[in-house]
Asker: 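A single structure is presented below for examination.
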Amino acid sequence: MIKKLLCTISIILITSIGIHAKEIGIVKAFYSKVTKNKAIEIRNLSRSDEFFQKGYSYLTDRDKMDRRELNNFFDKTKKKQTITLPNHIKAIVEFEKSVKKYKNPLSAYLGLNSLNFLIDAKGVEKVKRRKLFIETLYKQTNTCEGYIQYADMLMKGLGIKKDLNKSISVLREARMKCWNIATDLEKSLIEIKETQAKYKITLLNKKKK
Amino acid sequence: MKKIVVFFILFGIASIGFSDCTVVDVQYSHPVTDFTGKTVFTKKNTIKECTDSSEKQIGCNAWDIKTTNGELDYNVTKVGTVFKQGNGSDEASQLMAMLESQFHLFSGWEGYCDDGTLFDNPFADPMTLLSYATMVYGAASKGKLGTTAAKATADIGKAADAAKDAFTSVTDSVTKAFDDVKSALANTGPDASLGECVEKGVLSDTELINAENLSTAVTTPADPSLFESIKDMNTIPGADISFGSIGDYKLVMKFYYTDILELGMSLMPTEEEMQSANDFNMAWLGNETNNQKSLAYANCMASIGLSYPNLISSYAGFTNDTSEELAKVYENPLTLTYDQLAHLVSSTDFVGITDVSELPPQADVNTILKGGFVDSMYGVLSNDAENQKVVLIAKTPLAYATAGQAICAGRLAKAQNILTPPPDEDSSGGIAEAVGMMAVKKVLAMLPFPYNFIATVILDVLTSISSVDACHNVEDAIKMGIIQLKTNKFLNFDQCYHTKTTCEDKFLGSCILDRHHYCCYDQISTRIFAEGIKEELGLPMKECNNIKLEHLKEISFTKCAINTDPDLDIDEDGEMDQYVSAFDNHCFPGKKWDEFKKAIEASGVVNFDFKNAASQAINSLAIPNSVCEINTDSNGSQ
C-alpha cells in the first residue's frame, strides 16, 4: 500500500509540474480561432519574436525540456525511465516577456495554456501573469477564448477588481463578436459563464437584503 | 525451548546414563478435619524437574553437540573453508577443517524459493480493504461528507488502527471472494490491456456477482464501530506532502485517505469512444496531441475550473489552490442542454438510462432526473423546456466535475473514466501510462457505486500481478520472507542442492508459481560432502538432516571407479534413480569426489588428497571399524 501511495505521489509530482504537450497541435488550435489574415500576421510576428521562440523551445525542444526520472507504475522491477517534460515554468517567463514587448497573442495563448498545468492557482505571480495573458488575448483577438477568459477573470476578481456586471457585458460582447464562429463548446461556455455571473449577482443581492 | 544433549565420548568403555531430578514443589491435598478442628492432608504431590539425557559412545575422542531450537539463524554470510597450502593432507589444520566439514553435516536445513507469477493478494492488506470500505461508505453518504469541508480533530493513526482491527474479522471471506475474481481473470493475464480485463470482468454477470459478494464481505464487519472509523478516514487528512518549490510555485498537497485510496472506473464504451476519450484525457492532462477536439475539451474543462491541477488540488483538500468553481460549487451553477444532461445521466446512472439513444426526443427533464445519481447529486435551479436547457447546481466538487465532463466531452463522458493509454514507443510512453492510471484513479467517485467498486477490485487484481524469482533476485526474495531470502543467499553461494519442485499457486489448473525446494548447508564443501555421502549410503536426498554421526564410520572415501560410478540423477520425487552401484560398491561417487576436490582447491589448498584427508579425519574421530557404541537412555519421571 505504501508503494502504491508513493507511486501515486510520484505521478502527482510529475503531473503537477507540467506534462508533455504537443505544442504544434495547440498552435494549430489557436490559428483556427482567428481569421486567416490575423493568423498570418501572428505567425510572422512569432517568427521574429525571440522571446516566443525561446519559450516555445522549452515546450517542444527535447534538449531544452525538463528531464525527470519516472517510476514504472506497472512494473516496479524495471529501472526508472528518464522522460522529457515541457518546462512550463521557464516557458511562461519567456511568454511573459514576449507579451510585454510584442503583445504577441500566441504567446499569451500558450502562456495561458502552460499556467493551466501548474498548481497553486492563486499564487500572486501566477495571477499577475494570467491577467497579462488574458488581457492580451482579449484585446488582440476576437476569439471566444479571449472573451470567456476575460469575463471569468472579472467574475472571480483574480488580479483585477471583481465586477460581475462588466463580466456579463463582456459575455454579451462575445455573443455579438464571436458567436457566429463559436463552436458548440464555446457557446456552452459563454452560457455557463453568463449563468454563473447572474447567479452570483442574485446571491449578492440576497446577502444585501 | 532449549534441549541439550550431551555426548560423552570415552575411550572404549560404555558410557553411563543418568537421571538427575530436583524437587521444585510440594502440594498437599484431600484434607480431613476432626471435631477438634485439627486438619490433616491425606495426599501429597511432589513435583520434580528432571533432565532428559542420552549418552553415546561411537569413537575415542570427545566432543559436544549442542542443538538449539528456536530462532532462525539470519546470519547468511558465506562461511568459507579456510585452510591453506596443505602438504599432502596430513596437516593438522586440514584435518580440523575436515572435521568442521563433517560437523556441519548435521546442520543441513530445508530451504525454498518461489519462481513464476505472483498474485500479491491485495485484500490481505487492511488498508486496501479499508479503501474498498470507504468507497462503499462513500456511496452511502454521498453529499453528506465532503472531504474538503469536513474538519476533524481525531487522531488519524487511532482511526486507522481501529479500522485495521475491525477488518481482521472479514479477511477470510474477502480472500475467498478475491480468489473467485482472480480465477475469472485467468485468461487475461498480466499482459492484457486494462480495457480487455475490464470488459471481461465488469461486463460479466458472474464477476458482477463475485464483486458484489466481495462488497458484502467487506461491508459486513463484526465490529459495528468500523464505519465510524471509516468516516474518520473520510474527514481526517492522511498526509501533507511537500514537494518543495519550483520557481514561484509551491508544490504542497494535502491528501485524505479516501482521496488517496479510492479508485474508479465505469462501464466499457465502444472502442472508438475509448480512443477518443483517451485523446481527450491526454489533452486534459497535458500530453501531446494534434487532435483539435481533444484540445477543445481540455480548454473547455479549464474554462469552467476543471483543469487537471485544479481537480487534483480539490481532491487534495487545498481549496485555496483549486478553482473557485470547485471550491464553491454552490455558487457556480452549470447550464446544460438536454443532450448534455442525457450524457450526464448516461455516464453516471447505469441502473436507469444506459444510452442517450434510449431517451425520447422530447424527454421531460423531471423524468430524466428522477432517481439515480443525478437526482441526488444536483439541485435544479431552473428548467427551460422550450429551449431544452436546465441549470444545475452540483452538491459536491465531484458532481461538478462530472457535469463538466458531460458538457465538455458529451457522449464520451462515459468513456473518460476507464482509460489507460496504449504503450508509446517514445520516451513519453511511461508518463502516458502513468498519467492514464492516475486519471483512472482520480476520476474516482465521479462514478456510481457499485461499478467503481467492481472495477477497482479488478484493477487491484491486475496491478497485483507481478513476476517473481526469489531464487535469483534478492529483492524478490526479501519480499517473499526470511526463509526465501536465506535460501536465495545460500543458493547463490552454491551451498544448496535441489530436491524437488512443487506448485505454490494455480490458475485454472495451470501452475503459475513454482516453489523450488533445496537442502542447504553452511559450506559449499559440506553440501558436496553431504550429497556424496547420501548417494553412497543410499539415504533419501529429500531429507536434509538425515546424516547421523553413526554414518561416518560406514563411509568409504574411495573414489568410485568409472565403470562403477553411477550416473546419478534425481527423479521427480527427489529420489535417486540409481544409487545401487555406489551403494553396492561402497565407494564415494566420482562426480562428487571431483567437485569436492575442486571446491577445496578453490579455497587455496594444493596437492589435496581427498582419500587420505578423509581417512585421517575419520581416524581423528577414532571411529573404530567395529561398532563400539553403547547407548544408555534414562528418562526422568515424577
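Every chain is numbered from 1 and lettered A, B, ... according to where its sequence line falls, protein lines coming before strand lines.
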Asker: Only pairs of heavy atoms separated by less than 4.5 Å count here; which of B:Thr335, B:Ile393, B:Ile407 has the most with chain A?
Answerer: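 The option with the most such pairs is B:Thr335.
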
Asker: Give a yes or no answer on whether the side chain of A:Lys193 reaches the backbone of B:Ser303 with a donor-acceptor pair at less than 3.5 Å.
Answerer: yes

Asker: So which residues of residues 131-145 of chain A are in contact with chain B at a heavy-atom cut-off of under 4.5 Å?
Answerer: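 Residues of residues 131-145 of chain A touching chain B at under 4.5 Å: A:Glu145.
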
Asker: Find the one option among A:Lys198, A:Glu191, A:Gln149 whose heavy-atom pairs under 4.5 Å with chain B are most numerous.
Answerer: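 Heavy-atom pairs under 4.5 Å are most numerous for A:Glu191.
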
Asker: Locate the shortest heavy-atom distance separating A:Leu185 from B:Cys300; write the atom from each residue and the value.
Answerer: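 So the minimum-distance heavy-atom pair works out to CD2-SG, 3.8 Å.
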
Asker: Testing the basics here: between B:Tyr400 and A:Gln196, what is the closest heavy-atom pair and its distance to 0.1 Å?
Answerer: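 Minimum heavy-atom separation between B:Tyr400 and A:Gln196: OH-NE2, 3.4 Å.
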
Asker: Against chain B, label A:Ser188 side chain, backbone, both or neither, depending on which of its atoms sit under 4.5 Å from a heavy atom there.
Answerer: side chain

Asker: Walk me through whether A:Asp184 and B:Gln340 qualify under side-chain contact (heavy atoms from CB on, under 4.5 Å).
Answerer: CA-CA 11 Å; A:Asp184 287 344; B:Gln340 289 167 338; over 6 Å; no

Asker: Please rank B:Val391, B:Ile304, B:Asn299 by heavy-atom pairs under 4.5 Å with chain A and give me the top one.
Answerer: B:Asn299

Asker: Which residues in residues 161-183 of chain A have a heavy atom less than 4.5 Å from any heavy atom of chain B?
Answerer: none

Asker: What part of B:Leu336 lies closer than 4.5 angstrom to a heavy atom of chain A: side chain, backbone, both or neither?
Answerer: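 Interface part for B:Leu336: neither.
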
Asker: Which heavy atom in B:Tyr330 sits nearest to a heavy atom in A:Tyr199, and how many Å separate them?
Answerer: O-CE2, 3.4 Å

Asker: Specify the closest pair of heavy atoms between A:Thr195 and B:Pro333, including all atoms of both residues, with the distance to one decimal.
Answerer: CG2-CG, 3.9 Å

Asker: If you define the side chain from C-beta out and look only at heavy atoms, does anything of A:Lys200 sit under 4.5 Å from B:Lys328?
Answerer: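 With C-beta onward as the side chain, the pair stays apart.
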
Asker: Could you pull out all residues at least two apart from A:Lys54 that satisfy side chain to side chain donor-acceptor pair (under 3.5 Å)?
Answerer: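 None.
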
Asker: Could you give the distance from CG (A:Leu204) to CD (B:Glu331), rounded to the nearest 0.5 Å?
Answerer: 8.0 Å

Asker: Side chain from CB out, backbone as N, CA, C, O: work out which of these in A:Phe30 comes under 4.5 Å of a heavy atom of chain B, or both, or neither.
Answerer: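 For A:Phe30, neither part sits under 4.5 Å from chain B.
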
Asker: By a 4.5 Å heavy-atom criterion (distance strictly below it), what part of A:Ile192 contacts chain B: side chain, backbone, both, or neither?
Answerer: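 Backbone plus side chain of A:Ile192, per the 4.5 Å heavy-atom cut-off to chain B.
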
Asker: Tell me, please, which residues at least two apart from A:Lys90 pass salt bridge (charged side-chain N to carboxylate O under 4.0 Å, His left out).
Answerer: none

